Colleague: 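If you scroll down you'll find the structure; I have some questions about it.
Just so it is clear, the structure is predicted and the values come from calculations on it, not from any experiment. In what follows, chains are A, B, ... by sequence order, proteins preceding strands, each numbered from 1. All values below come from the heavy atoms of this structure, side chains included, with hydrogens, waters and symmetry mates left out.
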Amino acid sequence: MTTEQLDKAYEPQNVEGRWYDYWEKNGLFRADENKAGESFSIVIPPPNVTGNLHMGHALNNTMQDMLVRYHRMKGHNTLWLPGMDHAGIATQNVVERQLAADGTNREALGREKFVERVWEWKEQYGGQIINQLKRLGSSCDWSRQRFTMDEGLSRAVKEVFVRLYEEGLIYQGDYIINWCPRCHTALADLEVEHEDLDAKLYYLKYKLADGDGCLTIATTRPETLLGDTAVAVNPEDERFSAYIGREVILPVLGRRIPVIGDGYVDMEFGTGALKVTPAHDPNDFELGLKHNLPAVKCIDDDGRMNDEAGPYKGQDRFECRKNIMKDLEAQGLVDKIDDLRHAVGHCYRCKTVVEPNLSKQWFIKIKPLAEKAIAAVEDGRTRIVPKVWEKTYFDWMLNIKDWCISRQLWWGHRIPAYYCEDCGELVVSREDPAACPKCGGSMRQETDVLDTWFSSALWPFSTLGWPDKTTELGVYYPTSVLITGFDILFFWVARMMMMGLHFMEDIPFHDVYIHALVRDAEGQKMSKSKGNVIDPLEVMDKFGTDAFRFTLAALAAQGRDVRLSDERIQGYRNFVNKLWNAARFTLMNLEGFEPSRTEGPPRLDESKLSLADAWILSRLETVAEEVEKHLNGYHFDRVAGDLYQFVWHEFCDWYLEMVKPVLYGEDEAAKKQTQAVLAHTLSVILRMLHPIMPFVTEEIWWKVPGVEQSIMISPWPGTGIGRPDAKAERRMEMLQGVITTVRNIRGEMNVPPSQQVEVVMMSDNAEERLVIDQQEHLIRPLVRAKSQQVVPMGEKPKGAAAHVFGDVEVFVILAGLIDFEEEAKRLQKEMDKLDKDIIKANKKLANEDFLAKAPEDVVAKEKERLEVLNAKRDKLSLSLTRVLELRQ
RNA sequence: AGGCGCGUAGCUCAGGGGGAGAGCGCUACCCUGACACGGUAGAAGUCAGCAGUUCAAAUCUGCUCGCGCCUACCA
């Protein structure tokens, strides 16, 4: 057996790419749908084809990769299915910008050429993010990678559209929708971002047609008055009820419009009179339907005023606002102008102010689909973690409105609806109809495409081959868990629930884990405009992928946003290095060691098991249990935290230090046994860390004696990997306490580290004396003692500093070195602290209510605690007296 | 306007009815044969405020203050 030397520090750059290639080449990411046994599956939230890896992706995919690697190691039939989203508006915008740079535009190119151009763009520049996901270590089955516009998924989209249409769940109609004048498309309500802006509230006078004064209305959008077809007041409003049924004269245009009464009007706001523009306001649209008002569109699809705007025709809507106010002012029709802060809708892609607009669109009747999706979460078939998000989900689902699915774009799934050029007949069909079934005329396909989220809604089953009945669907659907951010709970998760339940008649995932947002060190949301974006790729370059992943995991407490800072990542980079060096030490000391097996704990001679070995094996069992529990509960932070604590503060700080004398010693049998435990512990640590830190663990793994295959496919250390031993843990706890106590005295008394001291320990507990005596070889090097004595309580040694741990009084003999002044101060301070606790405990135990009402074990514990405190105080008090005597 | 969440050590955050925790930072000493990306020890907190429930509250309830976020048609 040879032991390869490891470098002194871990250098991720030399390691990561090499192992990723190895995994990929050896097919270790590939899922086999024919493999027997329990399956575990995840579909990736498909990143936009235009996207670049940001912190949200990094967090999201680190979590997915952790789970996937964990389940793969457990031997489950594991699939992580990757892919990308065609991202309608985003991609179209990118290519349009490119065209603009070339001095042309999509209209000049024509639809067909433009779509070709987008595909070319995709081949050339799209999907950068896939390589970035690989940098992150994502173990996706790339052989199954999908794209929402690929052939199979397009077929699924068509199938779903046609079926929903046939079931009467898709309809077409004239409704008011959110229109983006920049992107030239309809937007769903969800795609509108509301932002509070400082604006004005204009009070305008509309003259009554019968010449009797005027009615003053309040509006934030005076330019829309050109499309007014009524003024509404509340019939309960005594000021105005008399006006109902009369007419007013629309300024500028002179149109006579009715005054109507409707309870919708808020009497408190503005003047209590509301101008009604059914074509450019969703509420006015509703009023218009109710009162049978005509809808007059005065703004066109570019956001410019149209023919209906009379003198303002051709002006931009905001320019028109200024001009119309100038004119109204001149005519004395402006009563006043107030400041007003209110929410204005913006396009989520390009941030242009949206224009509510009346137009013909396609919708999904969503209520019947939503009911099933609500039920599935209510009855627990799908679990939302953390549970707080369930409420948000229900609130939205219960108030859901029909989904506007048509978009006036060129890049996307073209709606499979066809119109007859002659008779106008509408046909919705999977195949292009050759001719009109009614009149034989030629057919023309609908120009609109579907909302990008329409195809993403099908992702969990379309990617597995639906509508065909594939083996994959049988094995991997429903998927095990969906990991995603709350920002797309409605956009995506809710819609997958609805579509999955409708078309697969089963939930799309058993669990939905909603993670938080990654923010900067100041807690600000990262955004390009703020310039506070931390690029994951730069972080990986600087600190290594494993350190980065570990940081994300460690900070990802459920329901709490992740604040990322360099210091934090650096801290975990140090941890990676610590692990590296612990492994380095371990491997250096496995010279001549022959491994027996890597699966269960090593075969050991129980009678000769050292305390340190017994202890670490016991701790290993506990940690393995905890880690597994936290992985199953999506407590990624605790997985990371427990492993950090165990590796650094138990394995490195204690175990490795305690094992040195054995490894450097002469007892070959003892050495062999410790080597076995050491090798085993390292192996288990590596495997437990692998899901979080795939690269460094793989790199070390191959140097562990006996390793023959990638850590990725090595067995997960489940229960039975260690060896529970409560006695060993109790004894070790006592030893650690005693050792820390000696070190504490050394530190407080400023004994130089190189100075060897004499240690005396006193205890009336025979078992503890025995353990301390037996473990002298282990204690002495750790406290730098040239001698160690353990005796029953009695005459205290002279010239010694004392401290108490549990039943043991610890003396460090410092003849000539001791500063009695300092020692007295230290003892006094310690006693003051104790006194506080003793007073508190006494008070508690004197309280009859406490004794009567608190559970027995709590009372017993408190009594015991008081005894311990008192005993300690007595010992310290004696020591203090002695020190004070010696001082004189 | 409604809803949700958060205020715990200098910073970032765990914890969640009975002894205040971690990481980073800070202080002191140390290049001890894995690691200075390190070691040992140490200092540091009226657990936002007020009231209530309880034998017992950082933890449960209510209110107040401060900070985020989400949803919403008040023009």
Colleague: Dot-bracket notation for RNA chain B is requested: 5' to 3', Watson-Crick or G-U wobble pairs only, both distances under 3.5 Å, with ( ), [ ], | and . as defined.
Modeller: ((((((((.[[[[.)..(..]]]].(((((.......))))).....[[[[[..)....]]]]])))))))....

Colleague: Please indicate whether Q13(A) has more than 12 foreign heavy atoms, meaning atoms of other residues, nucleotides or ligands, lying under 6.0 Å from its CD.
Modeller: yes

Colleague: Mapping V868(A) and H649(A) to their closest nucleotides on RNA chain B, which lands nearer the 5' end?
Modeller: V868(A)

Colleague: Take the protein atom NZ of K833(A) and the nucleotide atom C1' of G45(B), then report the distance between them rounded to whole Å.
Modeller: 13 Å

Colleague: Are K401(A) and C73(B) close enough that a side-chain N or O sits under 4.0 Å from OP1 or OP2?
Modeller: yes

Colleague: Looking just at side-chain N and O atoms, do Q828(A) and D832(A) make a donor-acceptor pair shorter than 3.5 Å?
Modeller: yes

Colleague: Name the nucleic acid region contacted by Q570(A), choosing base, sugar-phosphate or nothing; use a 4.0 angstrom heavy-atom cut-off, strictly under.
Modeller: nothing

Colleague: Quiz question: going by heavy-atom distance under 3.5 Å, is there a donor-acceptor pair between the base of C37(B) and the side chain of R573(A)?
Modeller: yes

Colleague: Under 4.0 angstrom, heavy atoms only, what part of the nucleic acid is G272(A) near: base, sugar-phosphate, or nothing?
Modeller: base

Colleague: Go nucleotide by nucleotide along RNA chain B from the 5' end; which of G747(A) and N574(A) gets its closest nucleotide reached first?
Modeller: N574(A)

Colleague: Please work out if P282(A) contacts a base, only the sugar-phosphate, or nothing of the nucleic acid, heavy-atom cut-off 4.0 Å.
Modeller: nothing

Colleague: Contact class for K275(A) vs. all strands (heavy atom < 4.0 Å): base, sugar-phosphate, or nothing?
Modeller: nothing

Colleague: Charged N to carboxylate O under 4.0 angstrom, E355(A) versus R317(A)?
Modeller: yes

Colleague: Report yes if a side-chain nitrogen or oxygen of R638(A) is closer than 4.0 Å to either non-bridging phosphate oxygen (OP1 or OP2) of G15(B); otherwise report no.
Modeller: yes

Colleague: Looking for any heavy atom pair under 4.0 Å, which part of the strands does L340(A) touch: base, sugar-phosphate only, or nothing?
Modeller: nothing

Colleague: Start with the C-alpha gap between D266(A) and N234(A), add the side-chain angles, then the distance that decides, and say whether side chain to side chain contact (heavy atoms under 4.5 Å, CB included) holds.
Modeller: CA-CA 7 Å; D266(A) 182 348; N234(A) 194 313; over 6 Å; no

Colleague: Rounded to the Å, how far apart are M749(A) CE and G42(B) C1'?
Modeller: 15 Å

Colleague: Output the single nucleotide from A75(B), G42(B), A34(B) whose closest atom is nearest the side chain of L274(A).
Modeller: A75(B)

Colleague: Could you please name the option among G18(B), C73(B), A34(B) that lies closest to any side-chain atom of P855(A)?
Modeller: G18(B)

Colleague: Are a donor atom and an acceptor atom from the side chains of N577(A) and N581(A) found within less than 3.5 Å of each other?
Modeller: yes

Colleague: Is any side-chain N or O of R743(A) under 3.5 Å from a base N or O of U40(B), one able to act as donor and the other as acceptor?
Modeller: no

Colleague: I'd like the P distance from C60(B) over to G18(B), given in whole Å.
Modeller: 11 Å

Colleague: Can F548(A) and F543(A) be said to form a ring pair (Phe, Tyr, Trp, His ring centres under 6.0 Å), step by step?
Modeller: CA-CA 7 Å; F548(A) 177 48; F543(A) 299 106; 9.2 Å; no

Colleague: Look at N581(A) and C37(B) and indicate whether a side-chain polar atom (N or O) is within less than 4.0 Å of OP1 or OP2.
Modeller: no

Colleague: Using a 4.0 Å heavy-atom cut-off across all strands, classify R784(A) as base, sugar-phosphate, or nothing.
Modeller: base

Colleague: Give the nucleotide from the list A75(B), A34(B), C37(B) with an atom nearest to the side chain of N577(A).
Modeller: C37(B)

Colleague: Quick check on K660(A): does its NZ atom have over 12 non-hydrogen neighbours (other residues, nucleotides or ligands) under 6.0 Å away?
Modeller: yes

Colleague: For nucleotides C11(B) and G52(B), find the distance between their C1' atoms and express it as a whole number of Å.
Modeller: 34 Å

Colleague: Within the structure shown, what part of the strands sits under 4.0 Å from T740(A) by heavy-atom distance: base, sugar-phosphate, or nothing?
Modeller: sugar-phosphate

Colleague: Given G19(B), G42(B), U12(B), which nucleotide is nearest the side-chain atoms of R865(A)?
Modeller: G19(B)

Colleague: Within this structure, what is the CG-to-P distance between D653(A) and C35(B), rounded to whole angstrom?
Modeller: 15 Å

Colleague: By the 4.0 Å heavy-atom rule, please label F575(A) as base, sugar-phosphate, or nothing.
Modeller: nothing

Colleague: Scan V265(A) against the nucleic acid and name what it touches under 4.0 Å (heavy atoms): base, sugar-phosphate only, or nothing.
Modeller: base

Colleague: Which nucleotide in the list A75(B), A41(B), C24(B) gets nearest to the side chain of E567(A)?
Modeller: C24(B)

Colleague: Output yes if the stacking criterion (under 5.5 Å between centres, under 30° between planes) is met for Y664(A) over the base of G33(B), else no.
Modeller: yes

Colleague: Among A75(B), C55(B), G5(B), which nucleotide has an atom closest to any side-chain atom of T220(A)?
Modeller: A75(B)

Colleague: Side chain of A854(A) only, heavy atoms from C-beta on: which candidate in C55(B), A36(B), A28(B) is closest?
Modeller: C55(B)

Colleague: Suppose we call a contact any N or O donor and acceptor under 3.5 Å apart; does that hold for the side chain of E657(A) and the base of A34(B)?
Modeller: yes

Colleague: Taking the same atom, C1', in A57(B) and in A41(B), what whole-Å distance lies between them?
Modeller: 34 Å

Colleague: How far, in whole Å, is G66(B) from G25(B) if one measures between their P atoms?
Modeller: 35 Å

Colleague: Side chains of E193(A) and Y348(A): is there a donor and an acceptor less than 3.5 Å apart?
Modeller: no

Colleague: Could you tell me whether the phosphate oxygens of G38(B), OP1 or OP2, come under 4.0 Å of any side-chain nitrogen or oxygen in W580(A)?
Modeller: no

Colleague: Under 4.0 Å between a side-chain nitrogen and a carboxylate oxygen: does that hold for R573(A) and D546(A)?
Modeller: no

Colleague: Taking the P atom in each of U61(B) and G7(B), what is the distance between them to the nearest angstrom?
Modeller: 14 Å

Colleague: For the residue pair D228(A) / Y206(A), report whether a side-chain donor-acceptor contact shorter than 3.5 Å exists.
Modeller: yes

Colleague: Tell me which nucleotide among G39(B), C55(B), G18(B) gets nearest to the side chain of W648(A).
Modeller: G39(B)

Colleague: Could you please name the option among A75(B), G18(B), G23(B) that lies closest to any side-chain atom of H342(A)?
Modeller: A75(B)

Colleague: Report which part of the nucleic acid D266(A) touches: base, sugar-phosphate, or nothing (heavy-atom distance under 4.0 Å, all strands).
Modeller: base

Colleague: Does OP1 or OP2 of A34(B) have a side-chain N or O of K660(A) closer than 4.0 Å?
Modeller: yes

Colleague: Whole angstrom is fine here: how far is it from NZ in K200(A) over to C1' in A75(B)?
Modeller: 17 Å

Colleague: Would you mind reading off the distance between F490(A) atom CZ and G3(B) atom C1', rounded to a whole angstrom?
Modeller: 11 Å

Colleague: U54(B) C1' sits how many Å from D849(A) CG, rounded?
Modeller: 10 Å

Colleague: If the threshold is 4.0 Å, N to carboxylate O, is there a salt bridge linking E864(A) and K861(A)?
Modeller: no

Colleague: Rounded to whole Å, please give me the gap between NZ in K578(A) and C1' in C35(B).
Modeller: 6 Å

Colleague: Which nucleotide wins on minimum distance to the side chain of N750(A), given the candidates G18(B), A28(B), A72(B)?
Modeller: A28(B)

Colleague: In whole Å, measure the gap between the C1' atoms of U59(B) and G19(B) for me.
Modeller: 15 Å

Colleague: Under the salt bridge (Lys or Arg N to Asp or Glu O under 4.0 Å) criterion, do K336(A) and D338(A) qualify, and how do the steps go?
Modeller: CA-CA 7 Å; K336(A) 60 170 176 171; D338(A) 281 350; 3.7 Å; yes

Colleague: Can you say whether a donor on the side chain of K391(A) sits under 3.5 Å from an acceptor on the base of C4(B), or the other way round?
Modeller: no

Colleague: Figure out the CH2/P separation between W396(A) and C4(B), and round it to whole Å.
Modeller: 20 Å

